[in-house]
Amino acid sequence: MRAYEGPVVCGGGTALTAYFALAPGGADALLPPGVRTAGGRRALAVVHAAEHGRHREVTLGVVVRDPDPGRVWTEVRRRAHRRVTAVHPLVSVFSTDAARAAAEEVWGRTAITAPVEMSWTGGTVRVAAGRVLALTGVPGPGLPAAARDLITCTDLDGVRLRTRIETRGRRRVHPVPRLRLALRTGPLFPSLHPLGVDGARPLLCLSTPAHRCRQAAGTPVP
């Protein structure tokens, strides 16, 4: 039973999203039945870190598609409500129990509560999420980019949910980031290593210094 049905509104924070090349087939065993990665051999893994006051979140996921592969490459021109790809979160780390409980009970995410560190000092970024992952380095020069809503795909009690996260704030795209991702070893998520992103550098990064978002309850899809 869901504990909360209304939208969650967050403002006054920062966000960083990094995209990585996913190893071919690396996510197949981690996705629900019927869900497949988008892009074929150019499939993507995503690390998204956000800070909203006392709540901090780091999510590692993969870009997935609907059953029609022919429409994937038109996504860049589609608005959020017509998009056929989404991010399927594999694991989310939250700094507070309240945020973690909402992620599990409302959206069906696999989530834990752990210390989350986010800092951006002198051009150097450091993101650390418990014993799951760390992302450090220099994003490099950035170019202005329009805000773009995020779509997530999750499973809640056997029901697939499609959730739109409305985002606002001045954003920059960093086409030549010099960051490196480290998946931390431990008993919690040993199966993340087949993704092939441990020690990898991102293909590009997006940063939002004044990040605002609004996330409603997900919409069930067939």
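The two residues Phe94 and Val116 have their closest heavy-atom pair at C-CG2, 4.1 Å. For the pair Pro175 and Val173, the tightest heavy-atom approach, listed with the atom from each and the gap, is CD-O, 3.4 Å. For the residue pair Thr85 and Arg162, the shortest heavy atom distance occurs at O-NH2, 4.3 Å. Closest non-hydrogen pair, Gly218 versus Trp107, comes out as N-NE1, 3.7 Å. Considering all non-hydrogen atoms of both residues, Arg184 and Ala134 come closest at NH2-CB, 3.5 Å. The minimum heavy-atom distance between Val58 and Ala129, with the atom names listed, is CB-CB, 3.8 Å.
Looking at Leu195 and Leu60, their side chains come closer than 4.5 Å, going by heavy atoms from C-beta outward. Between Arg160 and Cys153, some side-chain heavy-atom pair lies under the 4.5 Å cut-off. You'll find the side chain of Cys205 reaches within 4.5 Å of the side chain of Leu16, heavy atoms only.
The hydrophobic clustering, which links ILVMFWY residues whose side-chain heavy atoms are closer than 4.5 Å, places Val176 and Leu143 apart. Both Leu133 and Leu22 are members of a single hydrophobic cluster when ILVMFWY side chains are connected at heavy-atom separations under 4.5 Å.
In this structure, Leu204 CG and Thr17 OG1 are separated by 10.0 Å, a value rounded to the nearest 0.5 Å. Note: Asp97 CG to His55 NE2 = 10.5 Å, rounded to the nearest 0.5 Å. Atom CD of Glu104 and atom OG of Ser92 lie 9.5 Å apart (nearest 0.5 Å). Here the straight-line distance linking atom CG of Leu179 with atom NE2 of His174 works out to 9.0 Å at 0.5 Å rounding. Rounding to the nearest 0.5 Å places OG1 of Thr208 at 11.0 Å from CZ of Arg172.
Remark: Arg56 engages Glu51 in a salt bridge (charged side-chain N to carboxylate O under 4.0 Å, His left out) (not counting sequence neighbours). Applying the side-chain contact (heavy atoms from CB on, under 4.5 Å) criterion to Leu31, with sequence neighbours excluded, gives Ala27, Val35, Thr37, Val62, Val64, His88, Leu90.
Judged as a side chain to side chain donor-acceptor pair (under 3.5 Å), the pairs with a partner in residues 119-128 (not counting sequence neighbours) are, in order, Glu117-Arg126.
Under the 3.5 Å distance criterion, with hydrogens and angles disregarded, no donor-acceptor pair is assigned to the side chains of Arg109 and Thr154.
Partner Phe20 forms a side chain to side chain contact (heavy atoms under 4.5 Å, CB included) with one of Asp198, Leu203, Leu135 and no other, that one being Leu135. Tested against Val132 for a side chain to side chain contact (heavy atoms under 4.5 Å, CB included), the candidates Leu192, Leu183, Thr59 yield a single pass: Leu192.
Checked by atom type and distance alone, the side chain of Arg36 never pairs as donor or acceptor with a backbone atom of Arg65 at under 3.5 Å.
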